[in-house]
Amino acid sequence: MNAPGKFLTSLAQSLSTMMLYPRSHPTWARAVDAAYAALGELQEENKRPLFTFIGKDVIYGQAALHELRDWPWAEKLAEVGVQRLEFEPEVSREDFEEFIADVLARLVASGAGSGITPAARSASGRQSIRFGTVTVREDEGNADVGAHSPTPAGGMEGTGLPFELEEEAQAATWIYDQVQAKDVVPLVEADAVVRSLTVAMKGSAAMIIPLLRLKANDPYNAIHAINVAVLVMALAERMGLGNRDVHEFGMAALLHDLGMAKVPRELVVKPIELTDEERRIIERHPVDGARIILMSDKRMELAAAVAYEHHLRPDGTGYPQGLFRRPMHLASKITRICSVYNALRIPRAHRNPYPATQALLFIDERAGREFDKEIAGEFTKMMRRLEPNIREVTREERLLTPALGMAPIKPGEGEY
């Protein structure tokens, strides 16, 4: 087991042991010593280790600890307010013991522990160990992503720790570059990106919606992939799916447009309408994406299905056209709506971005034909709640009148 996993395992063993004894008992000290020694080994390779616990998942820095998947202590710690845990380079044994006593008191108070009640948490205010929950932080009316009042081991509140999506966008860019160069999906890195997005969204999807905006030099594929993954996970959670399904749908959404990595860039950024041959080249990307995903890992059947199906429509149109029709996977139906919405909202070489109101109107008007009717309804309700600047459209405006200074919405707009 690697050093992060060894430390967390030692920490859990120590907490379990200490629940059975008063603080004056020698076993307590030995348990603290064991976990503290494991922390020292970890800090030999990483001076500032950072852990995040979401459900039964453990994130170390930005990467998932797969060996601790379904680790029961992840849920226990998160439930008592230790969802995010970070250590400074110099942690004294005294600080560490106070931290363990604080966590143990929380566990006992929550009913996770029984028997001896450990000493009350200290109020010394030491800053070498910080922990807290991941929630929404409001700043001048705008929702931002942050760790809610990370608490030093002594119980005093510190400053918020903002999340940024720049690293996730860079990772997505690298993933698409690897696919373009090698026809192989770096699945470990893709999984880490989805888990990092889950961390950012844990308090509320409103934290990172509005989504990333495309800048002049940004790669379209990477920003689109991140945004669609966020939208899909938010909608899947709203529809009542469990944590595992939300994660798998998010993974599929991140990879849904993978085949576009094989499309010549000059076609993606072409400022004028595509020729029939150029459109045929682009319309190969669902098949290419599904093939690359299955070649990378045959167990990624859901992601491959979403990559293949995300341009198919309930009315039987779309692409690629198979020999016979079959029902689309739920994840494909959700991803299709989120992908088209974000494609409309992002500026492209051949058009300006559509305002949120107009993009949602596009979804509303085509529900039941181009999009699953019920899912489309849930999506537009969610977005109107999460983006407060989106206004309801009057009956007279439902004629799809284009926004000022914009070209009319064409059939197939937002389809790639």
Quick check on [X]: does its [atom1] atom have over 12 non-hydrogen neighbours (other residues, nucleotides or ligands) under 6.0 Å away?
{"X": "Glu67", "atom1": "CD", "value": "yes"}
{"X": "Glu90", "atom1": "CD", "value": "no"}
{"X": "Lys6", "atom1": "NZ", "value": "no"}

Would you kindly say whether Ser339 and His224 are connected by a side-chain donor-acceptor distance under 3.5 Å?
yes
If only side-chain N and O atoms count, and only distance matters, is there a donor-acceptor pair under 3.5 Å linking Tyr60 with Asn46?
yes
Closest approach of Leu255 and Ala303, non-hydrogen atoms and distance?
CD1-CB, 4.4 Å
Non-hydrogen atoms of Ser296 and Val185 that approach each other most closely
OG-N, 2.8 Å
By the definition salt bridge (charged side-chain N to carboxylate O under 4.0 Å, His left out), identify the one residue from Arg369, Lys381, Arg384 that meets it with Asp364.
Arg384
For Trp73 and Leu8, what are the C-alpha separation, side-chain angles and deciding distance, and is it a side chain to side chain contact (heavy atoms under 4.5 Å, CB included)?
CA-CA 9 Å; Trp73 277 87; Leu8 290 180; over 6 Å; no
Quick one: sort the [X] and [Y] rings into parallel, tilted or perpendicular, breaks at 30° and 60°.
{"X": "His285", "Y": "His310", "answer": "tilted"}
{"X": "Phe53", "Y": "Phe51", "answer": "parallel"}
{"X": "Phe99", "Y": "Phe131", "answer": "tilted"}
{"X": "Phe96", "Y": "Tyr36", "answer": "tilted"}

Does a salt bridge link [X] with [Y], judged by any charged N lying under 4.0 Å from a carboxylate O?
{"X": "Arg313", "Y": "Asp315", "answer": "no"}
{"X": "Arg280", "Y": "Glu277", "answer": "yes"}
{"X": "Asp183", "Y": "Arg291", "answer": "yes"}

Could you check whether any side-chain N or O of Asp372 sits under 3.5 Å from a backbone N or O of Ile375, counting only pairs where one atom can act as donor and the other as acceptor?
yes
Answer with yes or no after comparing the ring centroid distance for Tyr341 and Phe379 against a 6.0 Å cut-off, counting only values under it.
yes
